[in-house]
Protein chains: 2
Amino acid sequence: MGNTPPVGRKVTLSDIAAGCDVSRATVSLVLRGSPLVNKHTRARVEEELRRQGYVYNRAAANLRRRTSSSIALVLNDLANPFFAEFAAGVDEVLGDTGFVTLLGSTSESTERELAVLSSLMEHGPAGIILSPAEGSDAQQILSAVGGVTPLLLFNREVSGDVAACDHWDRLFLDNQRGARLATEHLIAQGHKRIAFYGGHLGSSSCRQRRAGYTEAMKAAGLSVEPSWMVECIPNRLDAVAQSDRLFQGKTAPTAAVCYNDAVALGLMLGLHQHGLQPGRDFALTGFDDIAEAAVSAPPLTTLAVTPRDRGRQAAELILQRVKDPSPPPRQTIAPVQLLIRASSCPPHV
Amino acid sequence: MGNTPPVGRKVTLSDIAAGCDVSRATVSLVLRGSPLVNKHTRARVEEELRRQGYVYNRAAANLRRRTSSSIALVLNDLANPFFAEFAAGVDEVLGDTGFVTLLGSTSESTERELAVLSSLMEHGPAGIILSPAEGSDAQQILSAVGGVTPLLLFNREVSGDVAACDHWDRLFLDNQRGARLATEHLIAQGHKRIAFYGGHLGSSSCRQRRAGYTEAMKAAGLSVEPSWMVECIPNRLDAVAQSDRLFQGKTAPTAAVCYNDAVALGLMLGLHQHGLQPGRDFALTGFDDIAEAAVSAPPLTTLAVTPRDRGRQAAELILQRVKDPSPPPRQTIAPVQLLIRASSCPPHV
DNA sequence: GGGTACATTTGGATCGTTACAAAAGGCGAG
DNA sequence: CTCGCCTTTTGTAACGATCCAAATGTACCC
């Protein structure tokens with residue numbers, strides 16, 4: 001009674017149909033929960049599905065329906081906790097809506113980015129969430145992804161031809177406002193000589209944060225020494241290495257707004273090497289609120305960006321766009337929140 | 001001259017065939033670089049591919065060939081830097097071999113794990129890399145993934161029926177040896193009253209680390225007070241909260257082997273609250289070598305597990321298995337390396 | 001009994017690709 | 001000129017699902 005499931009081959013909808021003497025079409029209707037099928041038939045089919053251990057083949061269905069159930073997530077640095085949290089948020093939402101996440105990480109290389117994008121495109125994602133590598137070019141990305149698949153740009157702007165990508169959605173952090181809040185906070189603490197430390201001018205987020213800093217300084221009528229604007233690779237190591245440069249001008253700063261937490265934590269180490277104790281002799285702020293910020297010595301004043309929430313938001317934005325491609329492209333600026341901790345002390349007298 | 005590409009629809013191999021007056025079969029041969037096609041024809045076809053902006057539809061090809069070009073990566077905690085690095089390593093290797101990574105994160109929930117696995121199975125991955133949630137049951141996982149798709153178990157053992165999963169490959173860290181090395185190091189520093197702090201007995205990695213600790217203590221003829229074996233949720237917060245319990249027995253320990261770095265860093269904070277300075281009044285070791293370990297105060301002695309390399313290794317293992325399913329299942333134990341830093345001081349006199 | 005309305009079921013074509021066997025064309029030998 | 005042989009190309013039927021129009025049943029009414 002009842003055939004045995006096929007061996008060495010996956011169970012298909014035809015096997016089920018044969019197994020309970022109905023047509024493939026009927027089984028398909030059952031699978032999709034159509035109200036058309038008779039209750040009794042449905043029960044028989046469902047029993048057979050269980051019995052044979054059927055697994056739905058979404059690729060086949062997608063082919064026929066010309067749909068897609070995947071979203072590509074391409075990140076410039078998965079190993080960075082900020083992006084890892086972001087990815088977790090994206091995957092949470094996508095998983096709940098029946099989409100699957102196609103992951104691609106580019107390690108901050110533009111060539112790899114293009115390769116990863118083309119490879120992912122062959123799997124026909126319904127949409128793409130892209131946090132571009134530094135120096136990515138709009139034109140090249142466009143030619144890799146084609147003009148059809150919706151793309152959400154996250155976190156960074158891309159360089160080059162604006163017209164090429166003006167139909168992409170965008171989700172950015174409020175970098176400028178964040179840096180302005182941090183600077184205003186240091187000013188309110190009584191600082192007058194405040195530096196902006198770290199980051200690359202090549203990255204749009206760095207330029208925006210600098211702009212917020214400059215805005216606050218200008219509004220407070222404070223001047224900025226050229227030696228107080230120091231670039232460095234945004235990681236702890238280079239932040240330590242470059243910290244000398246803050247004190248090479250004729251007047252030394254008493255505080256610094258740092259590009260991000262990694263840089264701020266590096267600068268703390270650098271300060272120690274100069275005999276300065278951060279949070280007492282020198283005030284500083286970070287950006288990101290990585291886990292470490294709350295437990296460093298001293299705890300770091302920083303801007304919370306809640307990357308998991310951003311991930312969820314990014315997923316929702318791209319899903320909306322997939323559902324209805326018609327509305328004009330949208331740019332979303334996510335708020336950031338200043339968290340005041342011990343590192344942003346008043347000036348030492 | 002030459003048709004325009006179709007509008008609103010993706011360019012298919014048929015469009016190319018029509019565009020340069022050859023059959024679909026010939027275009028297909030060109031795409032796959034077959035030596036059968038005439039040099040001149042190939043050039044014409046390739047030109048047309050470029051002209052129309054063709055993108056290969058791998059899903060359709062996979063359907064026809066009954067193959068798959070994706071690997072599912074299911075992680076219990078993507079937000080954890082350890083797994084984020086692991087994922088980056090996996091994706092590096094898979095990307096290089098033309099596979100795509102299907103991501104799924106379970107947030108340490110066994111229900112979600114089953115849901116994610118079933119959902120991913122519908123996309124027909126060639127193989128699965130699974131770092132199970134705590135308390136995962138072998139039988140249930142098996143029924144979600146079926147007996148056919150190769151699965152590599154990473155990092156943790158699953159509970160339940162051994163027979164259900166004895167054909168899965170495994171990749172684990174050398175937890176026992178790592179904890180033994182850490183314990184031996186503390187003993188060599190002169191400690192005699194050494195605790196094992198943190199982790200859940202529900203997790204196999206915790207049991208293995210405890211075993212390594214016990215082994216070293218026994219080998220040195222040292223006894224272990226029950227109050228020195230403290231369980232806690234393996235994160236910083238609970239590690240702080242539970243740290244009292246270390247000092248509630250009649251003899252207090254002078255050192256602790258911690259379940260992992262997060263726990264160790266939490267314990268450091270807890271020690272401060274007890275008026276003890278870690279690295280001077282109390283010695284401790286971690287496990288994982290997260291970025292923070294090198295820069296904490298004091299820097300943390302720990303076991304480096306190089307998660308990115310583990311990711312690369314996991315990808316290679318599952319790819320081998322996909323290529324040839326016949327060899328017997330294999331269990332791989334990856335070595336760990338003790339990094340001695342300032343936190344593991346000699347006992348305070 | 002025939003007609004109509006309704007609920008269910010069903011072939012057959014189709015999505016974009018590949019496998020396979022067979023056809024077409026060219027060329028030299030007999 | 002025919003034959004075989006090689007190179008190159010091509011129809012056609014899959015893969016596993018869905019869509020659609022049409023078929024089947026069955027209940028009810030006049």
*Asks:* Taking only side-chain N and O atoms of B:Ser14, does any of them lie within less than 4.0 angstrom of OP1 or OP2 on C:dG16?
*Replies:* no
*Asks:* Specify whether B:Phe86 and B:Phe154 have parallel, tilted or perpendicular ring planes, treating 30° as the upper limit for parallel and 60° as the lower limit for perpendicular.
*Replies:* parallel
*Asks:* Would you mind telling me which of D:dT9, C:dT18, D:dA17 lies closest to the side-chain atoms of B:Leu13?
*Replies:* C:dT18
*Asks:* Please figure out whether A:Asp21 or B:Ala25 has its closest DNA chain C nucleotide nearer the 5' end.
*Replies:* A:Asp21
*Asks:* Find the distance A:Glu122:CD to C:dG16:C1' and express it as a whole number of Å.
*Replies:* 13 Å
*Asks:* Which nucleotide sits closest to the side chain of A:Arg64: D:dG16, D:dT10, C:dT17?
*Replies:* D:dG16
*Asks:* Walk me through whether A:Glu108 and A:Arg156 qualify under salt bridge (Lys or Arg N to Asp or Glu O under 4.0 Å).
*Replies:* CA-CA 12 Å; A:Glu108 210 69 91; A:Arg156 281 185 189 160; 2.8 Å; yes
*Asks:* If I compare all heavy atoms of A:Asp137 with all of A:Gly160, which pair ends up nearest, and what's the gap?
*Replies:* OD1-CA, 3.8 Å
*Asks:* Nearest whole angstrom, please: distance from the P of C:dT17 to the CG of A:Asn62.
*Replies:* 15 Å
*Asks:* Which nucleotide in the list C:dG12, D:dT10, C:dT10 gets nearest to the side chain of A:Arg24?
*Replies:* C:dG12
*Asks:* As a test of reading the structure: which of D:dT18, C:dT9, C:dG16 is closest to the side chain of A:Leu36, going by heavy atoms?
*Replies:* C:dT9
*Asks:* Verify the contact: side-chain N or O of B:Thr26 to OP1 or OP2 of D:dT10, cut-off strictly under 4.0 Å; return yes or no.
*Replies:* yes
*Asks:* Between A:Thr41 and C:dT9, does any side-chain N or O lie under 4.0 Å from OP1 or OP2?
*Replies:* yes
*Asks:* Nearest to the side chain of B:Leu29 - D:dT10, C:dG16, C:dT18?
*Replies:* D:dT10
*Asks:* Which pair of non-hydrogen atoms, one from B:Arg330 and one from B:Gln320, has the smallest distance, and what is that distance?
*Replies:* NH2-OE1, 2.8 Å
*Asks:* OP1, OP2 of D:dA17 versus side-chain N and O of A:Arg65: anything below 4.0 Å?
*Replies:* no
*Asks:* B:Tyr56 has a side chain; which of D:dG16, C:dT18, D:dT18 sits nearest to it?
*Replies:* C:dT18
*Asks:* Does D:dT10 have OP1 or OP2 sitting under 4.0 Å from an N or O in the side chain of B:Ser23?
*Replies:* yes
*Asks:* Without decimals, in angstroms, what is the distance between B:Asn38 CG and C:dA24 C1'?
*Replies:* 14 Å
*Asks:* Once you round it to whole Å, what is the distance between C1' of C:dT8 and CZ of A:Arg44?
*Replies:* 12 Å
*Asks:* Whole angstroms only, please: what is the CZ-P distance between B:Arg42 and D:dT7?
*Replies:* 15 Å
*Asks:* Can you give me the closest heavy-atom contact between B:Arg321 and B:Pro329, atom names plus distance?
*Replies:* NH2-CA, 3.5 Å
*Asks:* If the cut-off is 4.0 Å, is A:Arg66 near the phosphate of C:dG16, judged by side-chain N/O to OP1 or OP2?
*Replies:* yes
*Asks:* To the nearest Å, give me how far apart CZ (B:Arg9) and P (C:dT17) are.
*Replies:* 10 Å
*Asks:* Write down the distance between CG (B:Leu63) and C1' (C:dC15), rounded to a whole number of angstrom.
*Replies:* 9 Å
*Asks:* Between B:Asp15 (CG) and C:dT17 (C1'), how many Å, whole number?
*Replies:* 13 Å
*Asks:* In terms of side-chain geometry, is the basic nitrogen of B:Arg44 or B:Glu47 positioned less than 4.0 Å from the acidic oxygen of its partner?
*Replies:* no
